[in-house]
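Here's the structure, in structure tokens; my notes come after.
Position 1 is the first residue of the sequence; numbering continues from there. Please read these numbers as outputs of a predicted model, since none were measured by experiment.
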Amino acid sequence: MFWKFDLHTTSHIDTLLEKEDVTLTEVMDEDDVLQECKAQNHKLVDFLLRPQCMEDLVTFITQEPSTDVEEKVKYKYPNISCELLTSDVSQINDRLGEDEKLLMKLYSFLQNEPPLNPLLASFFSKVLSILIGRKPEQIVDFLRKQEDFVDLMIKHIGTSAIMDLLLRMLTCIEPQQLRQDVLNWLNEEKVIQRLVEMIQPSQDEDRHSNASQSLCEIIRLSRDQMFQVQGSSEPDPLLSTLEKYETVEQLLSNIFDKEKNESAIVSVIQILLTLFETRRPAFEGHMECPPGMSHPSFSVNHSILEAVRPRLKDFHQLLLEPPKKNMMKTTWGVLDPPVGNTRLNVVRLVASLLQSNTHSINTELINLNTLGVILDMYFKYIWNNFLHIQVEICTAMILAMPPAPIDIQPDTEAEHVKESILIKHLFQKCQFIQRIIDAWSSNEKEQAEGGRRRGYMGHLTRIANSIVHNCDKGPNGPQIQQLISELPAEDREKWESFISGQLADTNKRNTVDLVNTHHIHSSSDDEVDFKESGFHQDSSLQQVRFKHRCKWMKAHKADPWAHKPSSCRDINFSLNTNESANIALFEARCKEKIQQFEDAGSDEDDIWDEKDVTFAPEAQRRPSSGSTDSEESTDSEEEDVKRDQFEASNPSNDDRMEVDTVWTANFDDIPMDTAPSSPSTSPDTAWSSSPAANSNSETGWADFSNFTPVNPKDPLRCNSPVAMETSIETIDPLGVNAPMQSEGEICTNHRSITETVINGSMKETVSLTVDAKTETAVFKRFENHLSACSRDVVLLSRQPPTFLSEF
């Protein structure tokens with residue numbers, strides 16, 4: 001850790017502040033001044049709180065820098081001053097929020113003529129916003145004393161930083177009562193009406209955009225606050241003003257009663273679209289009716305619809321004669337005129353009006369044939385997907401919505417509409433079915449001639465599917481079926497043929513089988529079973545690719561090496577083994593093992609029975625150790641020398657430890673030309689101990705007086721102190737078909753080594769035979785107990801003759 005080594009360095013600011021004539025710019029030139037300020041360095045904070053320093057900091061962010069300063073460092077000090085004032089140090093906030101002289105100097109920035117410097121405006125807005133959040137009561141009281149505050153804010157609304165400051169006043173004030181007082185104050189100052197006045201052709205685009213965005217954010221923030229604070233008794237005055245008939249009418253008059261201006265028209269439509277976003281759930285409108293459509297909380301304010309309805313003819317005219325747009329050249333052709341932002345937003349407004357499902361609005365749209373004009377635009381501008389998606393939403397909502405109730409008097413309230421006038425208009429006047437079929441046929445003809453697929457075909461497929469779905473399951477299904485049955489016989493047959501043929505084929509191609517329920521069954525044992533492989537729930541694409549790969553493997557199972565080079569396909573493996581003999585030997589061995597466990601009357605001890613662990617003295621235990629491994633022998637000899645000093649000198653036969661028969665042979669570097677040994681050693685004499693040996697065992701000293709050097713002609717012997725027999729014999733390599741030859745016979749092709757180990761009541765005979773031609777080694781082991789049971793194990797290996805030295 002760094003603190004263990006005392007690597008903390010003292011800031012140079014402390015040394016600098018000890019000077020009597022240090023200036024603010026010298027301190028601001030230090031690289032760590034912001035870090036030290038946020039860490040609340042006492043010396044630095046006390047220095048910044050000096051009246052002259054605070055005044056200089058405010059001056060830096062409210063006055064234009066000198067033009068003589070280099071551009072790279074022109075806004076260096078204003079930026080550092082803003083960061084110091086907004087470092088959220090309580091002492092600085094208190095001094096700045098309570099000193100009215102500093103606040104007046106800060107407020108004077110708004111009194112400059114527009115346009116404001118955008119960078120300095122951002123510094124000013126940031127400082128005043130943090131003061132509103134930390135000192136709301138003092139700042140609000142100060143701003144309300146300034147009579148021209150709202151006028152100046154509206155005057156500079158074209159600057160984005162000033163618009164942000166206005167929205168901060170609606171969101172950063174925490175006390176609910178104080179926030180309500182601010183809303184009432186702003187409403188009394190007619191801030192909504194003043195923002196509406198900014199959206200007219202005489203103003204520039206920046207004012208249009210910022211004023212529209214401000215009004216949209218006020219609508220959203222006010223509605224969010226109303227849903228969060230359910231117990232509030234006072235309504236939001238700004239939202240109420242915006243939803244008034246007079247306010248909406250003023251917005252529409254600004255764009256229709258004067259010259260057409262695309263920026264103003266789009267800004268007003270954005271405000272209307274926000275007014276229609278009354279917590280309505282998102283509706284894609286492709287298959288089902290939008291949930292909660294008839295719920296009162298999702299209904300649009302009636303005054304807004306009443307103000308918009310008389311202006312629907314003006315919006316319809318915008319679709320026919322939009323603001324003048326220049327010809328646009330594209331990669332596929334020339335657009336004259338292009339769709340334009342105005343007409344696209346008008347179509348979006350029509351979609352929102354249809355979603356309100358108001359009878360008067362629907363009737364006006366039908367009288368104007370607005371839906372027919374929108375469909376004409378859909379089939380004309382074949383590459384404008386922004387338009388296509390809006391038209392699709394319009395048609396889907398018409399097909400899915402229940403009939404709109406009629407606005408009638410209370411005395412005739414019993415009348416209810418059973419059919420949708422929009423669906424009737426769409427199928428009869430707009431010839432919806434015929435236009436879909438004609439557009440589809442025209443696209444197929446163009447593609448057959450080598451042309452491109454039209455850009456609206458995907459949306460047209462979804463529109464056709466929406467008709468089929470609502471005809472079967474929608475709330476207007478009977479009406480849609482009736483209208484289709486009333487079509488001319490030729491058109492009806494084309495539609496039915498289109499549904500069962502072209503549309504069905506397209507849906508089949510577009511359907512992606514992300515989940516396959518059936519398993520892929522393999523007829524080959526060599527194929528890997530991937531059916532149980534697990535996938536993450538979100539890895540649908542991986543599952544599709546995996547299943548495709550499995551199908552490909554199944555289809556190519558006849559020749560799995562077909563994709564490999566010829567050199568790989570020519571590989572052939574052959575093993576010269578007698579499988580039938582091995583199988584027979586394995587089954588016989590298994591039967592012997594099973595018989596061993598099932599033979600309850602056998603005198604042999606069960607190898608799985610738990611036995612008492614007893615330890616034998618050195619004289620009796622040492623001969624029974626069968627391990628001849630070189631490393632283990634060395635370790636065991638060292639351990640035996642240490643244990644001899646603590647073991648008893650009078651061993652008894654009852655104290656030995658009973659262990660399972662485990663024997664490890666050591667065939668280190670056995671020569672192949674060994675002469676056969678004569679089995680003259682008796683098993684009984686092999687375990688007998690001479691008096692000299694006993695005495696040596698008791699004293700712990702070894703006697704090498706009888707040691708004789710090994711003659712190469714002498715028979716082989718093992719490291720274990722037991723009697724053994726070594727012979728070379730010729731037998732069948734597999735040890736199954738040929739009978740075992742007698743000891744002493746020597747064959748040039750077969751060499752075998754046999755060792756016999758006698759351990760108490762058990763006699764083990766181990767033979768190892770090597771075939772020089774086939775390089776096959778056979779390892780056989782015989783166990784003879786008092787019950788005359790024999791066991792053998794055959795081990796096959798294709799190792800070279802040096803295999804003997806590895807044992």
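Taking the six-membered ring where the residue is Trp, Tyr107 and Phe142 present perpendicular rings, their angle passing 60° and hence far from 30°. Using cut-offs of 30° and 60° on the angle between ring planes, the pair Phe60 and Tyr77 is tilted.
Between Arg311 and Asp257 there is a salt bridge, with a side-chain nitrogen of the basic residue lying less than 4.0 Å from a carboxylate oxygen of the acidic one. Taking the charged nitrogens against the carboxylate oxygens, Asp141 and Lys145 do have a contact shorter than 4.0 Å, which makes a salt bridge. A salt bridge is defined here as a Lys NZ or Arg NE, NH1 or NH2 lying under 4.0 Å from an Asp or Glu carboxylate O, and Glu64 with Lys74 fails to meet this definition. Under 4.0 Å is where a charged nitrogen must lie from a carboxylate oxygen, and between Asp46 and Lys43 no such pair does.
A donor-acceptor pair shorter than 3.5 Å can be found between the side chains of Gln176 and Gln225. Residues Gln177 and Asp181 bring a donor and an acceptor atom of their side chains to less than 3.5 Å of each other. A donor atom on one side chain and an acceptor atom on the other are not found under 3.5 Å apart for Thr358 and Ser360. Of the N and O atoms on the side chains of Asn385 and His388, at least one donor lies less than 3.5 Å from an acceptor on the other residue. Asn210 and Asp206 form no side-chain donor-acceptor contact under 3.5 Å, judged by distance and modelled atom types alone. Remark: the Ser253 side chain and the Glu249 side chain contain an N/O donor-acceptor pair separated by less than 3.5 Å.
The closest donor-acceptor contact from the side chain of Gln390 to the backbone of Leu387 lies at 3.5 Å or more, if one exists at all. Checked by atom type and distance alone, the side chain of Ser129 never pairs as donor or acceptor with a backbone atom of Lys126 at under 3.5 Å. Using a distance-only test at 3.5 Å, with no hydrogens or angles considered, no donor-acceptor pair links the side chain of His156 to the main chain of Ile162. No side-chain donor-acceptor contact under 3.5 Å links Arg343 to the backbone of Leu318. No donor-acceptor distance shorter than 3.5 angstrom exists from the side chain of Ser209 to the backbone of Glu205, with no hydrogens or angles considered. Checking side-chain atoms of Ser125 against main-chain N and O of Ala161 turns up a donor-acceptor pair under 3.5 Å. Under the 3.5 Å distance criterion, the side-chain polar atoms of Ser267 are matched with a main-chain donor or acceptor of Ser263. Listed for the Arg207 side chain is no donor-acceptor partner under 3.5 Å among the backbone atoms of Leu195. Remark: the backbone N or O of Glu243 is paired with a side-chain donor or acceptor of Ser303 at under 3.5 angstrom. Proximity of a side-chain donor or acceptor of Ser222 to a complementary backbone N or O of Ile219 within less than 3.5 Å is not detected.
In this structure, Glu98 places its CD atom where more than 12 heavy-atom neighbours from other residues, nucleotides or ligands lie under 6.0 Å away. Within 6.0 Å of CD on Gln111 lie more than 12 heavy atoms contributed by other residues, nucleotides or ligands.
For the side chain to side chain donor-acceptor pair (under 3.5 Å) with Arg134, the qualifying choice from Asn93, Asp88, Asp94 is Asp88, the only one to do so. Under the salt bridge (charged side-chain N to carboxylate O under 4.0 Å, His left out) test applied with Glu277, the options Arg220, Arg348, Arg223 reduce to a single match, Arg220.
Here the CD-CD1 distance, from Gln40 to Ile92, works out to 8.5 Å after rounding to the nearest 0.5 Å. Here the CE atom belonging to Met401 is positioned 5.5 Å from the CG atom belonging to Leu354, to the nearest 0.5 angstrom. Note that CG of Leu215 and CD of Gln213 are 10.5 Å apart. Values are rounded to the nearest 0.5 Å. Atom CG in Leu17 sits 10.5 Å away from atom CD in Glu26 (nearest 0.5 Å). Summarising the geometry, atom CD1 belonging to Ile157 is positioned 11.5 Å from atom CD belonging to Gln203; distances are rounded to the nearest 0.5 Å. With rounding to the nearest 0.5 angstrom, the CG atom of Leu365 is 5.0 Å from the OG1 atom of Thr370.
Note on residues 259-270: pairs passing salt bridge (charged side-chain N to carboxylate O under 4.0 Å, His left out), not counting sequence neighbours, are Glu262-Lys325.
A heavy-atom distance below 4.5 Å is found between the side chains of Val191 and Leu238.
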Test side-chain contact (heavy atoms from CB on, under 4.5 Å) applied to Leu335 and Tyr381, step by step: CA-CA 9 Å; Leu335 294 177; Tyr381 298 96; 4.1 Å; yes
Stepwise salt bridge (Lys or Arg N to Asp or Glu O under 4.0 Å) test for Lys313 and Glu364: CA-CA 8 Å; Lys313 62 180 184 298; Glu364 189 68 19; over 6 Å; no
Working for side-chain contact (heavy atoms from CB on, under 4.5 Å), residues Asp56 and Thr25: CA-CA 10 Å; Asp56 292 341; Thr25 55; over 6 Å; no
Verdict with supporting geometry, Leu106 and Leu131, side-chain contact (heavy atoms from CB on, under 4.5 Å): CA-CA 11 Å; Leu106 184 65; Leu131 289 177; 4.2 Å; yes
Residues Val391, His459; criterion side-chain contact (heavy atoms from CB on, under 4.5 Å); working and verdict: CA-CA 9 Å; Val391 177; His459 295 283; over 6 Å; no
